[in-house]
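Written below as structure tokens is the structure these notes are about.
All values below come from the heavy atoms of this structure, side chains included, with hydrogens, waters and symmetry mates left out.
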Amino acid sequence: MSGPDAGPGTDPNAGPGSNPAFDPLVRAVAVSYRYGSGAPALDGVDLEGRPGEIVTLVGPNGAGKSTLLRLLAGDLAPDAGALHLPSRRSAAGRVATGYAGEEACHFESLSGTHNAVFFARAAGLGREEAEAAVREQFDLLGLGEDASRPVSTYSFGARRKLLLVEALAHRPTLTLLDEPFAGLDLDSREALADLLRERSAEGGTVMMASHDLDLLPQLADRIVFMHDARVVAGGSPDELLASMPDVARFEVTLAGSFDSTGLVRSEGTTLVDGGDPLILESERGQAALPEVCLALAAAGARIRRVVVKDAGLAAVFRSVTGAELDG
């Protein structure tokens, strides 16, 4: 949402290369939703996704990301506001949306191939086309060896891969994915990223929720921060990261145990994670490294290695909201 809740200089619905002449494929306008009598899961959310764009929703658990995707997928109806969605089926008869949510509903006794082909045909593909598309994506995502086994024998990672194949095989115009990289090995993550780039290059809109902050700067065209059921800021990865040019991140690997409660930090230095590695951030940039190392040594830490990085998306989110992403 732009306006008073958005971060300085950011518009969640504007990104590099955005062209006002291109009508959004999907749009939420002042959308609100609550489960029963609980607190709002979404509170006046404005969001849109344009053709050829990969939009990623980022926020802590409970921010409203999954609820928003379920609304866009048609699983839920908003309590207030409006949704503008593509027609359910294209002129060729294909289902326009592909959705992979938090939970999957599979036919447990059937093989992965039978499940995926069933859903591809239900989405409008002919038998031969469905079988070819499923076979191709099984190979790309590393599910080929599991293709003929009953889904009841699948691991968590294999189930996630199957869900992704079911969402993507019919090449939807609008792709909605909730934590699509969870449970995937490195090769499968890279293959999925390539598939999503391909959908975007073909003019499709990809909208997903993800905690994978290392991958997002290279994949997303636009990142939208969500917090407490609202959209609070957004922009391209470069725009968001450039908003904190002086913040440095120190990842400190220690030898032996260390109690971070005794660490005295200088002004502008934040202890992000007291685990191993120990992670600190400083608003003074890399110039704060000597002070950080001295403070650690004074607190009894034995430093094995220090990796210095620029501020990441987690630091930007913290700056905008005052909250941590891993909530």
**Message:** side chain to side chain contact (heavy atoms under 4.5 Å, CB included), that's the test. Do Arg304 and Val252 meet it? Break it down for me.
**Reply:** CA-CA 8 Å; Arg304 178 177 294 170; Val252 185; over 6 Å; no
**Message:** For Asp79 and Ser32: C-alpha separation, side-chain torsions, deciding distance, then whether side chain to side chain donor-acceptor pair (under 3.5 Å) applies.
**Reply:** CA-CA 6 Å; Asp79 296 330; Ser32 296; over 6 Å; no
**Message:** For Glu166 and His106: C-alpha separation, side-chain torsions, deciding distance, then whether side chain to side chain donor-acceptor pair (under 3.5 Å) applies.
**Reply:** CA-CA 10 Å; Glu166 292 165 354; His106 294 124; 3.1 Å; yes
**Message:** Using the rule given for side chain to side chain contact (heavy atoms under 4.5 Å, CB included), can you reason through Phe225 versus Thr56, listing the C-alpha separation, both sets of side-chain angles and the distance that settles it, and then say yes or no?
**Reply:** CA-CA 9 Å; Phe225 286 151; Thr56 302; over 6 Å; no
**Prompt:** Under the side chain to side chain contact (heavy atoms under 4.5 Å, CB included) criterion, do Leu72 and Tyr99 qualify, and how do the steps go?
**Reply:** CA-CA 9 Å; Leu72 296 177; Tyr99 172 57; over 6 Å; no
**Request:** Go through the steps for Val58 and Leu313 under the test side chain to side chain contact (heavy atoms under 4.5 Å, CB included), then give the verdict.
**Result:** CA-CA 9 Å; Val58 172; Leu313 292 171; 5.6 Å; no
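Gly49 and Val55 get closest at one heavy-atom pair: CA-CG2, 4.4 Å. For the residue pair Ala299 and Gly262, the shortest heavy atom distance occurs at CB-O, 4.0 Å. Heavy-atom minimum distance, His170 versus Val95: CD2-O, 3.1 Å. Closest heavy-atom contact between Ala82 and Val31: O-CG2, 3.4 Å. The minimum heavy-atom distance linking Leu325 with Ala314 is given by the pair CD1-CA, 3.6 Å. A pairwise comparison of heavy atoms in Ser87 and Ala96 identifies O-CB, 3.1 Å as the closest pair.
Leu213 is not connected to Val272 by any chain of hydrophobic side-chain contacts under 4.5 Å among Ile, Leu, Val, Met, Phe, Trp and Tyr, and they are in different clusters. Side-chain heavy atoms closer than 4.5 Å link hydrophobic residues (I, L, V, M, F, W, Y) into clusters, and following such links, possibly through other members, connects Leu296 to Leu271. No chain of hydrophobic side-chain contacts below 4.5 Å, direct or via other Ile, Leu, Val, Met, Phe, Trp or Tyr residues, connects Leu163 to Leu110. By the rule that hydrophobic residues join a cluster once side-chain heavy atoms approach within less than 4.5 Å of another member, Leu254 and Leu294 end up as members of separate clusters. Linking ILVMFWY side-chain heavy atoms closer than 4.5 Å, directly or via other members, places Met244 and Leu289 in two distinct hydrophobic clusters.
Distance CG/Leu219 to CG/Asp214: 12.5 Å, rounded to 0.5 Å. Of the inter-residue distances, the one linking Leu140 atom CG with Leu192 atom CG reads 10.0 Å to the nearest 0.5 angstrom. With rounding to the nearest 0.5 Å, the separation of CG in Leu141 from CZ in Arg189 is 13.0 Å. Interatomic distance, CG of Asp276 versus CZ of Phe258, reported as 11.5 Å (0.5 Å rounding). The structure places CG of Leu164 at 6.0 Å from CG of Leu184, a figure rounded to the nearest 0.5 Å. The distance from the OG1 atom of Thr97 to the CG atom of Leu174 is 4.5 Å, given to the nearest 0.5 Å.
Side-chain contact between Phe250 and Val307 is absent, with no heavy-atom pair separated by less than 4.5 Å. Pro86 is not listed as a side-chain neighbour of Thr173, based on a closest heavy-atom distance of 4.5 Å or more. Proximity of Arg27 to Val29: side-chain heavy atoms (C-beta onward) are separated by under 4.5 Å at one or more points. Here the side chains of Gln137 and Leu168 are in contact, with some heavy-atom distance below 4.5 Å. The shortest side-chain heavy-atom distance between Leu47 and Met207 falls under the 4.5 Å cut-off. For the pair Ile303 and Cys293, the minimum side-chain heavy-atom distance is below 4.5 Å. No side-chain heavy atom of Val316 sits under 4.5 Å from any side-chain heavy atom of Val247. Contact check for Thr175 versus Met208: no side-chain heavy atoms found under the 4.5 Å cut-off.
Under a cut-off of 6.0 angstrom, the local environment of CD in Glu267 is sparse, with at most 12 non-hydrogen atoms contributed by other residues, nucleotides or ligands. Within a 6.0 Å sphere centred on CD of Glu179, other residues, nucleotides and ligands contribute more than 12 heavy atoms. Around the CZ atom of Arg149, the shell of radius 6.0 Å holds more than 12 heavy atoms that belong to other residues, nucleotides or ligands.
Applying the side chain to side chain contact (heavy atoms under 4.5 Å, CB included) criterion to Ala295, with sequence neighbours excluded, gives Leu263. Applying the salt bridge (charged side-chain N to carboxylate O under 4.0 Å, His left out) criterion to Lys65, with sequence neighbours excluded, gives no partner residue. The ring-ring contact (aromatic ring centres under 6.0 Å, His included) search around Tyr33 returns Tyr35, not counting sequence neighbours. Every salt bridge (charged side-chain N to carboxylate O under 4.0 Å, His left out) that Arg171 has, sequence neighbours left out, goes to Glu198, Glu202. Evaluation of the side chain to side chain contact (heavy atoms under 4.5 Å, CB included) rule for Ala323 yields His227, Phe317, Thr321 as partners, not counting sequence neighbours.
The backbone N or O of Ala297 sits nowhere less than 3.5 Å from a side-chain atom of Arg302 that would complete a donor-acceptor pair. At distances below 3.5 Å, at least one donor-acceptor pair connects side-chain atoms of Ser200 with backbone N or O atoms of Gly52. Under a 3.5 Å cut-off, the side chain of Glu251 and the backbone N or O of Val306 do not form any donor-acceptor pair. In this structure, Thr113 contributes its side chain and Ala147 its backbone to a donor-acceptor pair below 3.5 Å. In this structure, the side chain of Asp221 engages the main chain of Ile54 through a donor-acceptor pair within 3.5 Å. Between the side chain of Glu190 and the main chain of Asp187, no donor-acceptor pair closer than 3.5 Å is present.
With Arg159 as reference, Glu108 is the one residue of Glu103, Glu102, Glu108 to meet the salt bridge (Lys or Arg N to Asp or Glu O under 4.0 Å) rule. Checked options Asp310, Ile279, Leu280; the residue passing with Arg249 is Ile279 (criterion: side chain to side chain contact (heavy atoms under 4.5 Å, CB included)). For the salt bridge (Lys or Arg N to Asp or Glu O under 4.0 Å) criterion with Glu281, the lone passing option out of Arg265, Arg318, Lys309 is Arg318.
Side-chain atoms of Asp212 and Ser210 include no donor-acceptor pair closer than 3.5 Å.
The existence of a salt bridge linking Lys161 and Asp185 is confirmed by a sub-4.0 Å separation between a basic side-chain nitrogen and an acidic carboxylate oxygen. Salt bridge status for Glu291 with Arg284: present, with a side-chain N to carboxylate O gap under 4.0 Å.
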Tell me which donor-acceptor pairs under 3.5 Å the side chains of residues 117-131 have, and how far apart each pair is, sequence neighbours excluded?
from, atom 1, to, atom 2, distance (Å)
Glu129, OE2, Arg94, NH2, 2.2

